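Shown next, in structure tokens, is the structure this report addresses.
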Amino acid sequence: MQHTNQTKFVMYLDDFLDEATLKSLQDTVTKLEYQEVKNPEGQLYGMRHTFDKSIHNDPLIKLIKQYFFPHRNLEPISVCAHLRQNNKEALFHTDEDKGNVANFLFFVKGEPLLNNGTGFMHDNKMNKWVLSSHIGFVENRALFFNGMKIPHSDLQSFGDSSNRYTLNIFYKETDTFNE
């Protein structure tokens, strides 16, 4: 299936990176300096480290394209590492304010606990949003989804969870196709 910026899709792939690359990424994200990130209402989403634009040429970016969107013209808007331990409340949101059309979320480091995962909401056409899917946190799991169309959140506030480190990449549609 070819997805577009209007398609509500969630895909995931386990064992995305080889062991050495995963270990290197885990070592990197646990040593970064993080800044607080809050939503427009002032609620704390977690901690974020934004990488500079040079990472946009990293081999990981090419690997993501190869697996998730080989026939789409997407380029990174931002690449961030996130650290979350959200035990207060689920903060479901869409990422419309970033101008993105797709999100890559990589589970880098954390406990494989049910509530460390990410939940996705669905409008049941009765003016009520319901949890439609949950993708559990497993290290080395890669998710690709339309974060502009699908409300999503970590589910740490629903029970046992631990610190979770993720890599988040927001993509925009471009006019040129890069292979």
Side-chain angles (χ1 to χ4, degrees), residues 3 8-39 43-51 55 58-61 63-69 76-95 98 100 102-122 129-171:
H3 48 79
K8 294 180 181 179
F9 65 88
V10 177
M11 302 181 278
Y12 75 93
L13 180 66
D14 286 338
D15 302 319
F16 188 65
L17 299 176
D18 62 74
E19 280 189 45
T21 304
L22 175 64
K23 176 76 169 109
S24 175
L25 185 57
Q26 288 173 328
D27 290 344
T28 298
V29 300
T30 57
K31 295 174 184 167
L32 294 172
E33 290 186 31
Y34 291 87
Q35 303 296 319
E36 284 188 352
V37 178
K38 294 182 178 182
N39 67 11
Q43 297 163 302
L44 181 67
Y45 271 132
M47 306 296 283
R48 177 186 296 157
H49 174 89
T50 302
F51 293 97
I55 199 167
D58 191 276
L60 176 59
I61 302 297
L63 183 65
I64 295 165
K65 178 175 181 54
Q66 174 188 341
Y67 276 96
F68 290 107
F69 57 94
I77 297 171
S78 68
V79 179
C80 306
H82 279 227
L83 168 58
R84 292 204 179 153
Q85 177 54 55
N86 172 18
N87 51 16
K88 294 191 187 309
E89 65 182 304
L91 299 173
F92 282 94
H93 63 281
T94 57
D95 297 310
K98 296 174 181 60
N100 67 313
N103 298 22
F104 174 80
L105 176 62
F106 184 70
F107 294 155
V108 180
K109 187 169 181 67
E111 296 299 318
L113 300 168
L114 180 67
N115 298 310
N116 264 0
T118 299
F120 298 91
M121 299 294 273
H122 175 73
W129 287 92
V130 295
L131 184 66
S132 66
S133 60
H134 169 266
I135 305 211
F137 190 98
V138 174
E139 289 180 357
N140 207 8
R141 177 172 280 170
L143 288 73
F144 190 68
F145 61 98
N146 188 333
M148 191 172 84
K149 296 289 182 189
I150 306 170
H152 54 280
S153 177
D154 67 74
L155 300 176
Q156 292 179 310
S157 64
F158 291 111
D160 290 340
S161 64
S162 70
N163 285 345
R164 76 175 217 173
Y165 291 88
T166 61
L167 181 68
N168 302 64
I169 304 175
F170 298 99
Y171 287 91

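In this text the structure is predicted, and so the values were computed from the model without any measurement. Reckoned from all heavy atoms, side chains included, excluding hydrogens, waters and symmetry mates.
When side chains are defined from C-beta on, H82 does not count as touching M47, because their heavy atoms never get closer than 4.5 Å. Contact annotation: the side chain of F104 never approaches that of V79 to less than 4.5 Å [non-hydrogen atoms, C-beta and beyond]. At least one side-chain heavy atom of L83 sits under 4.5 Å from a side-chain heavy atom of N163. Between T166 and F137 there is a side-chain heavy-atom pair separated by less than 4.5 Å. Residues Q66 and F68 form no side-chain contact, since every pair of their non-hydrogen atoms from C-beta on lies 4.5 Å or further apart. At least one side-chain heavy atom of I64 sits less than 4.5 Å from a side-chain heavy atom of Y171. Here the side chains of F106 and L60 are not in contact, with every heavy-atom distance at 4.5 Å or above. Looking at heavy atoms from C-beta onward, I169 lies out of side-chain contact with F51 at the 4.5 angstrom threshold.
The shortest non-hydrogen separation linking N116 to R164 is O-NH1, 2.6 Å. Between I61 and P76 the shortest heavy-atom distance is CG2-CG, 4.0 Å. Minimum interatomic distance between R141 and G136 (heavy atoms only, all atoms of both residues): NH1-O, 2.7 Å. Minimum interatomic distance between A81 and L32 (heavy atoms only, all atoms of both residues): CB-CD1, 3.7 Å.
When the side-chain hydrogen bond (donor to acceptor under 3.5 Å, both in side chains) test is applied to H49, no partner is found at least two apart in sequence or on another chain. Applying the side-chain hydrogen bond (donor to acceptor under 3.5 Å, both in side chains) rule to T30 yields no partners; only residues at least two apart in sequence or on another chain are considered. With sequence neighbours excluded, the residues satisfying ring-ring contact (aromatic ring centres under 6.0 Å, His included) with Y67 are F16. For N140, there are no side-chain hydrogen bond (donor to acceptor under 3.5 Å, both in side chains) partners two or more places apart in sequence or in a different chain. Checked against side-chain hydrogen bond (donor to acceptor under 3.5 Å, both in side chains), K38 has no partners two or more places apart in sequence or in another chain.
Side chain of Q26 to main chain of V108: a donor-acceptor pair is present (N/O by atom type, distance under 3.5 Å, no hydrogens or angles). A donor-acceptor contact shorter than 3.5 Å links the side chain of T28 to the backbone of S24. For Y12 (side chain) and F145 (main-chain N/O), no donor-acceptor pair under 3.5 Å exists by modelled atom type.
Among residues at least two apart or in separate chains, there is no salt bridge (Lys or Arg N to Asp or Glu O under 4.0 Å) pair with a member in residues 106-121.
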